[in-house]
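The structure under discussion appears below in the form of structure tokens.
All values below were derived from every heavy atom in this structure, side-chain atoms included, with hydrogens, water molecules and symmetry-related copies excluded.
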Amino acid sequence: MPTIEEAEEYKRQIEQMLKALAEWDTKKPVKDKLINEYIDKWKAAHEALLGLGIQLENED
């Protein structure tokens, strides 16, 4: 299980990559595949933070 800092940093890196991919001008199937892979990674980081008991933004 990652530390809180590790999970938060990983999540930030994934968010930055998703933003870069959204602006990337390439063939759509390649771009969509990469975006889906990074969304899965973001979800894993999100779940790790929840597992550590961290209240995430936009969650009540």
Side-chain angles (χ1 to χ4, degrees):
M1 180 67 80
T3 65
I4 294 168
E5 292 81 18
E6 291 170 334
E8 289 175 341
E9 177 60 27
Y10 185 70
K11 187 177 169 191
R12 274 192 296 275
Q13 290 173 359
I14 296 300
E15 289 169 350
Q16 290 174 352
M17 183 56 77
L18 283 169
K19 288 177 186 176
L21 283 170
E23 296 172 357
W24 188 29
D25 186 26
T26 190
K27 295 181 182 177
K28 188 167 175 56
V30 172
K31 183 177 179 177
D32 289 346
K33 180 180 182 243
L34 288 171
I35 287 174
N36 287 334
E37 288 176 9
Y38 277 96
I39 288 173
D40 289 342
K41 290 179 182 188
W42 183 91
K43 287 179 184 177
H46 181 82
E47 290 173 8
L49 288 169
L50 287 176
L52 293 169
I54 305 302
Q55 183 69 25
L56 301 174
E57 22 185 272
N58 300 327
E59 292 195 11
D60 297 318

Any side-chain heavy-atom pair of E9 and Q13 under 4.5 Å: yes

Side chain to side chain donor-acceptor pair (under 3.5 Å) involving K43 - partner list, sequence neighbours excluded: none

Test item: Y10 and K41 side chains (from C-beta on) under 4.5 Å apart, heavy atoms: yes

Minimum heavy-atom distance Y38-L21, with the two atoms named: CD1-CD1, 3.7 Å

Whether K31 side chain and A22 backbone form a donor-acceptor pair below 3.5 Å: yes

Non-neighbouring partners of E37 that pass side-chain contact (heavy atoms from CB on, under 4.5 Å), sequence neighbours left out: K33, L34

Lys/Arg N to Asp/Glu carboxylate O, R12 vs E15, below 4.0 Å: no

Spacing of I35 atom CD1 and D40 atom CG [to the nearest 0.5 Å]: 12.0 Å

